[in-house]
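Structure first, commentary second.
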Amino acid sequence: MSRKPVPAQSGERSRVEVTFDKPQLLPQLFGEYDSNILALEERLGVYIHARGQRVVIEGSAESVAHAREVLQELQSRVIRGEDIDTGLIDAVIAMSSEPMFTGIVSAEVPGSGPPPPIMIRTRKKTIVPRSVAQTHYMRELVSNDMIFALGPAGTGKTYLAVAQAVAQLITGSVQRLILSRPAVEAGERLGFLPGDMKEKVDPYLRPIYDALYDCLPAEQVERRIASGEIEIAPIAFMRGRTLADAFVILDEAQNTTPAQMKMFLTRFGANSRMVICGDPKQVDLPGGPPASGLNDAINRLEGVEGIAFSWFTAADVVRHPIVGRIVQAYEGPDA
């Protein structure tokens, strides 16, 4: 691996050598044609080259220290079986800039041994947090009965909720998964589509199906839907029910009315967990600037005992980095 050094950033120039004790994993760490190393060089302003199982990092002292920490964390992710891509690299870089990064990922808690790993295990994959906000959210998912996950698209709100729901269904912690969202078009009209009720509402629920298929084999998803263990339905189908022994997820909650939101929240039953996902800034309700049931619930319920709130911003977007920049461009730097 030989490339032209990247100019060092401001500060004293530094050079550090890191030895990896599992050289067989280096191809996965470096990526095809060293694409992951190139991404690190570009983002952190350093020069990285390998000599066998040793990696040399050159650049400003601050950038070198940052790159070393990120490389070591990426190696630990490879050991855990994760695939390294630019999205994960950006997430680890962002997390390493947070004061709690070391404590979240690897530090031991004095007197109590290492903290339990923060992960969700499903039939198809093991999911770990890709941002500090996701770390907080994943902890809330296992410790609270009702969680509001709030923020822009691409931050993993619904995906992580579905993954946690699947994990609890697999272990028997809950007997059913109930996944719902309001049937509100985002600027289009789909009512003219042919078919029965299921065929008409499926386009609205497709993101939930996608998350399910990513966590469970397709045949298990179909079998569990047929048996009623997994139910996917518009919010209107929730009226009059008590949702006991279930993990219940409401997606796109900003497109509920206050009446719908109250109806949904009061379906909460014994031994259940409820996650409400939405972006308070992206309301698609028709007929002018309507009152969003999500915003109404935030105003009424924030601070109520037993209800947790996890907030995400554009900095937590884990799709493509450009998605976060798009969110910031539309909503401002504090989005």
Side-chain angles (χ1 to χ4, degrees), residues 77 80-92 94-95 117-142 144 146-171 174 177-182 186 202-218 220-221 224-225 230-232 246-255 273-280 282 294 308-324 326-327:
R77 303 254 182 160
R80 293 200 296 264
E82 293 184 57
D83 294 326
I84 306 300
D85 56 25
T86 54
L88 180 58
I89 290 170
D90 287 329
V92 170
M95 291 177 71
I118 304 164
M119 63 178 64
I120 300 171
R121 295 186 183 276
T122 68
R123 285 280 189 263
K124 293 182 71 174
K125 60 173 61 179
T126 297
I127 299 161
V128 297
R130 287 195 166 198
S131 70
V132 173
Q134 282 195 359
T135 301
H136 170 76
Y137 180 41
M138 290 171 70
R139 284 176 171 153
E140 298 287 5
L141 286 172
V142 297
N144 289 280
M146 184 176 290
I147 305 102
F148 282 78
L150 308 166
T155 50
K157 306 182 300 296
T158 303
Y159 184 87
L160 291 176
V162 171
Q164 180 65 29
V166 168
Q168 291 198 213
L169 182 66
I170 291 170
T171 60
V174 296
L177 266 57
I178 300 174
L179 312 170
S180 183
R181 56 189 278 164
D202 269 359
Y204 302 101
L205 304 173
R206 180 49 51 188
I208 293 176
Y209 282 104
D210 292 342
L212 275 175
Y213 285 119
D214 208 33
C215 296
L216 280 173
Q220 285 199 28
V221 173
R224 291 175 186 269
I225 289 176
I230 297 176
E231 180 181 349
I232 306 174
F247 198 116
V248 188
I249 300 172
L250 175 62
D251 192 26
E252 299 292 342
Q254 73 275 5
N255 290 330
R273 182 154 293 166
M274 187 174 281
V275 182
I276 300 93
C277 304
D279 181 357
Q282 193 172 346
L294 179 61
F309 287 78
S310 286
W311 289 89
F312 295 83
T313 69
D316 301 307
V317 171
V318 292
R319 288 180 181 168
H320 190 284
I322 199 170
V323 177
I326 289 170
V327 172

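Throughout, numbering of the chain's residues begins at 1 and tracks the sequence. Everything numeric here is computed off the predicted structure, so don't read it as measured data.
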Roughly how far apart are Glu252 CD and Lys157 NZ, rounded to 0.5 Å?
7.5 Å
Considering only heavy atoms from C-beta outward, does the side chain of Arg273 approach that of Val248 to under 4.5 Å?
no
Using only atom types and a distance under 3.5 Å, with no angle test, would you say the side chain of Gln254 pairs donor to acceptor with the backbone of Gly278?
no
Locate the shortest heavy-atom distance separating Pro182 from Leu250; write the atom from each residue and the value.
CD-CD1, 4.1 Å
Taking every non-hydrogen atom, the tightest pair across Pro152 and Ala314
CG-N, 3.9 Å
Hey, mind stepping through Val132 and Tyr137 against side chain to side chain contact (heavy atoms under 4.5 Å, CB included) and telling me if it holds?
CA-CA 9 Å; Val132 173; Tyr137 180 41; over 6 Å; no
For Leu177 and Leu169, work out which heavy atoms get closest and say how close.
CD1-CB, 3.3 Å
Find the distance between CD1 (Ile120) and CE (Met138) and round it off to the nearest 0.5 Å.
4.0 Å
Pair Arg181, Ile208 - check side chain to side chain contact (heavy atoms under 4.5 Å, CB included), show working.
CA-CA 9 Å; Arg181 56 189 278 164; Ile208 293 176; 4.1 Å; yes
Reported CZ-to-CG distance for the pair Arg224 and Leu212, which is rounded to 0.5 angstrom:
10.5 Å
Do Val275 and Met146 make a side-chain contact, defined as non-hydrogen atoms from C-beta onward lying under 4.5 Å apart?
no
State whether a side-chain donor-acceptor pair under 3.5 Å links Tyr159 with Asp210.
no
Quick one: does Ile89's side chain get under 4.5 Å of Ile84's, heavy atoms only?
yes
Residues Ile249 and Ala165: closest non-hydrogen pair is CD1-CB, 4.1 Å
Any non-hydrogen side-chain atom of Asp85 less than 4.5 Å from a side-chain atom of Asp83?
no
Which word best sums up how the rings of Phe309 and Phe148 line up, parallel for under 30°, tilted for 30 to 60°, or perpendicular for over 60°?
parallel
Does any part of the side chain of Leu179, heavy atoms only, come nearer than 4.5 Å to the side chain of Asp251, both counted from C-beta?
no
Distance col, row Ile230:CD1 vs Gln220:CD, nearest 0.5 angstrom, shows 8.5 Å
Is there side-chain contact between Trp311 and His136, with heavy atoms separated by less than 4.5 Å?
no
Is there a side-chain contact between Gln164 and Val142 (heavy atoms, below 4.5 Å)?
yes
Could you pull out all residues at least two apart from Glu140 that satisfy salt bridge (Lys or Arg N to Asp or Glu O under 4.0 Å)?
none
Hey, does Ile178 have a side-chain heavy atom less than 4.5 Å from the side chain of Phe247?
no
Shortest non-hydrogen separation from Gly151 to Pro280 and the atoms involved
N-CD, 4.1 Å
Consider side-chain contact (heavy atoms from CB on, under 4.5 Å). Of Leu294, Thr313, Ile276, Thr155, which one does Leu150 pass it with?
Leu294
Shortest non-hydrogen contact between Gln168 and Leu141, atoms and distance:
OE1-O, 4.2 Å
